[in-house]
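Some notes on the structure that comes next.
In what follows, every chain begins at residue 1, and chains take the letters A, B, ... in the order their sequences are listed.
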2 protein chains.
Amino acid sequence: MPRAGLSQDAVVRIAADLVDAGGPTGLADLTLAKVAATAGVATPSLYKHVGSLAALRRHVALVALADLTTRSAAVTVGRSGPDALRALAREWRAFARQRPGLYAAVQLAPDPDAPEEAEHRAAAARVVALVAAVLHGFDLADDRMIDAIRAVRAGIHGFVVLELAGGFRLPEDLDRSFDTLIDMLVAGVLKLGGDDA
Amino acid sequence: MPRAGLSQDAVVRIAADLVDAGGPTGLADLTLAKVAATAGVATPSLYKHVGSLAALRRHVALVALADLTTRSAAVTVGRSGPDALRALAREWRAFARQRPGLYAAVQLAPDPDAPEEAEHRAAAARVVALVAAVLHGFDLADDRMIDAIRAVRAGIHGFVVLELAGGFRLPEDLDRSFDTLIDMLVAGVLKLGGDDA
DNA sequence: ACTCTTTGGCTAATGGTGTTAGCTTCACGG
DNA sequence: CCGTGAAGCTAACACCATTAGCCAAAGAGT
């Protein structure tokens, strides 16, 4: 009979913790039953705060995006050019390693049409805009900018995904391999600016 | 009372078709019930041919890896250096676009310890070895080779994953963006060789 | 202070999933 | 012609998300 005092934020927070604790597959393993259990509540009660399991996953994606965005912003402030890009890449990877579940949630792409996912799209656009801002210091032509953003996102994301999934043998030397990749991207983006100038 | 005449291969083939037809989420959406339905058989009957849903997914991953490997090998034969690397990258992306569900299955990482997944590990190693073979033409020092392989895999995989997930707005210009990324990787690997020589 | 409305919890029920156990029956080998 | 193994089946169990409907707690208004 006493009330648990839940709220949408509380439920999402619990879900985010569960996802985070579940490692790279934490998002896929997320279940309303587990959330309800740790909240000390019956499963259907969650529907008073959250529309569905899919919606809860999207909310988790939102907090993940927000976290990644603020972390990335914090680490690139005051830097520019290659320096900023390196810092961004390092922080991105650090986030993925520290919170693998949440990083997987970032990967969740919002539906481009669904109106209720507008906030999600905005959050996703925010982190892409951050990459754009960092790359702005490279003085690229507008039509090359988009290629550069995509290349950088692809490189960093690909490495992090493969690392998290255990796609690389030999746990050592991963840092150097990552640095090598970032060097390639930095050099590539620099060259992209140089060609057009 | 008549017998359906199934076999492990037949079940896996049906599953692979379902995964392929299901788009990028086809692997996650794979269900024993659907396989049984298209096979014209009751769900539990599948256990006579397949250990579990997870095992079936791994078998699908195996056919996906085999397909990707033969396609990649076919397209790089007779080429070397940047030419081979470009062909490999293009084919990789083409595979992902033509068979998004199977590409997701490729992403399934085998357990490094489980003995029953040895074949899976071998298949995964085979496709990585193919990348190594292509990069062999770049004349890298041994300790730089691994960095180059990882960078190339990360770049291609990252781009393809983001593209499949709908992470890129503006469907046009994707080809040019991909070429830009590959140019960066080719230049980066070349430079890696030049520095050490 | 008493009511009335909202809201956050509950139980019950439905339809879906994977998985196990145990039975039957087909197809083949001695 | 029988026996044995494999390939189907049904029944059952344990989970899952989701919906419907009820009930009581907390707060608003007089």
Side-chain angles (χ1 to χ4, degrees), chain A residues 1-19 21-23 25-62 101 104-105 108 111 114 116-117 120, chain B residues 1-19 21-62 101 104-105 108 110-111 114 116-117 120:
Chain A
M1 317 78 164
R3 229 167 246 223
L6 281 185
S7 69
Q8 170 162 307
D9 274 21
V11 171
V12 171
R13 204 161 20 237
I14 291 174
D17 286 352
L18 282 176
V19 165
T25 68
L27 185 69
D29 296 345
L30 180 65
T31 175
L32 288 182
K34 288 183 199 164
V35 174
T38 77
V41 115
T43 308
S45 307
L46 296 177
Y47 285 85
K48 289 294 161 75
H49 306 283
V50 138
S52 69
L53 173 62
L56 179 58
R57 287 217 177 94
R58 269 182 279 123
H59 279 112
V60 170
L62 251 125
L108 231 172
D111 186 330
E116 74 273 20
E117 299 188 22
H120 191 169
Chain B
M1 319 74 168
R3 225 165 253 221
L6 281 184
S7 68
Q8 169 162 307
D9 274 22
V11 171
V12 171
R13 203 161 21 239
I14 291 174
D17 286 350
L18 283 176
V19 165
T25 68
L27 185 69
D29 296 346
L30 180 66
T31 176
L32 288 181
K34 288 182 199 165
V35 174
T38 76
V41 115
T43 308
S45 307
L46 297 176
Y47 284 84
K48 289 294 160 76
H49 307 284
V50 139
S52 69
L53 173 61
L56 179 57
R57 287 217 176 93
R58 269 183 279 123
H59 279 113
V60 171
L62 251 127
L108 231 171
D111 186 331
E116 74 271 21
E117 299 188 20
H120 191 170

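Residue pairs meeting the side chain to side chain donor-acceptor pair (under 3.5 Å) criterion with at least one partner in residues 4-16 of chain A, sequence neighbours excluded, are A/Gln8-A/His59. Identified under the side chain to side chain donor-acceptor pair (under 3.5 Å) test for residues 28-38 of chain B, with sequence neighbours left out: B/Thr25-B/Asp29.
For B/Ala114, the side-chain contact (heavy atoms from CB on, under 4.5 Å) criterion is met by B/Asp111, B/Glu116, B/Glu117, not counting sequence neighbours. Residues satisfying the side-chain contact (heavy atoms from CB on, under 4.5 Å) criterion with B/Ala42, sequence neighbours excluded, are B/Pro44, B/Ser45. Scanning for side-chain contact (heavy atoms from CB on, under 4.5 Å) contacts around B/Ala61 gives B/Ala105, B/Leu108, B/His120, with sequence neighbours left out. Shown here are the side-chain contact (heavy atoms from CB on, under 4.5 Å) partners of B/Val11, two or more places apart in sequence or in another chain: B/Leu6, B/Val35, B/Leu46, B/His49, B/Val50, B/Leu56.
Within a heavy-atom distance below 4.0 Å of DNA chain C, the residues of residues 50-62 of chain B found are B/Ser52, B/Leu53. Contact check of residues 21-29 of chain B against DNA chain D (heavy atom, cut-off under 4.0 Å) returns no residues at all.
For the residue pair B/Pro24 and B/Ala104, the shortest heavy atom distance occurs at O-CB, 3.8 Å. Scanning all heavy atoms of the two residues, the minimum distance from B/Val60 to B/Ala15 falls at CG2-CB, 3.8 Å.
The nearest whole Å value for the distance from the CG atom in B/Leu46 to the C1' atom in C/dT19 is 12 Å. Rounded to a whole Å, the CG atom of B/Leu18 is 13 Å from the P atom of C/dT17. Following rounding to the nearest Å, A/Gln8 (CD) and C/dG9 (P) show an atom-to-atom distance of 13 Å. Atom OH of B/Tyr47 is separated from atom P of D/dC13 by 17 Å (rounded to the nearest Å).
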Give the B/S/- string for nucleotides 3-9 of chain D, one per nucleotide from 5' to 3', where a protein heavy atom under 4.0 Å of the base yields B, of only the sugar-phosphate yields S, and otherwise -. ---BBBB
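In this structure, A/Thr43 OG1 and A/Leu32 CG are separated by 7.0 Å, a value rounded to the nearest 0.5 Å.
With B/Arg58 contributing its side chain and B/Pro110 its backbone, the two residues share no donor-acceptor pair below 3.5 Å.
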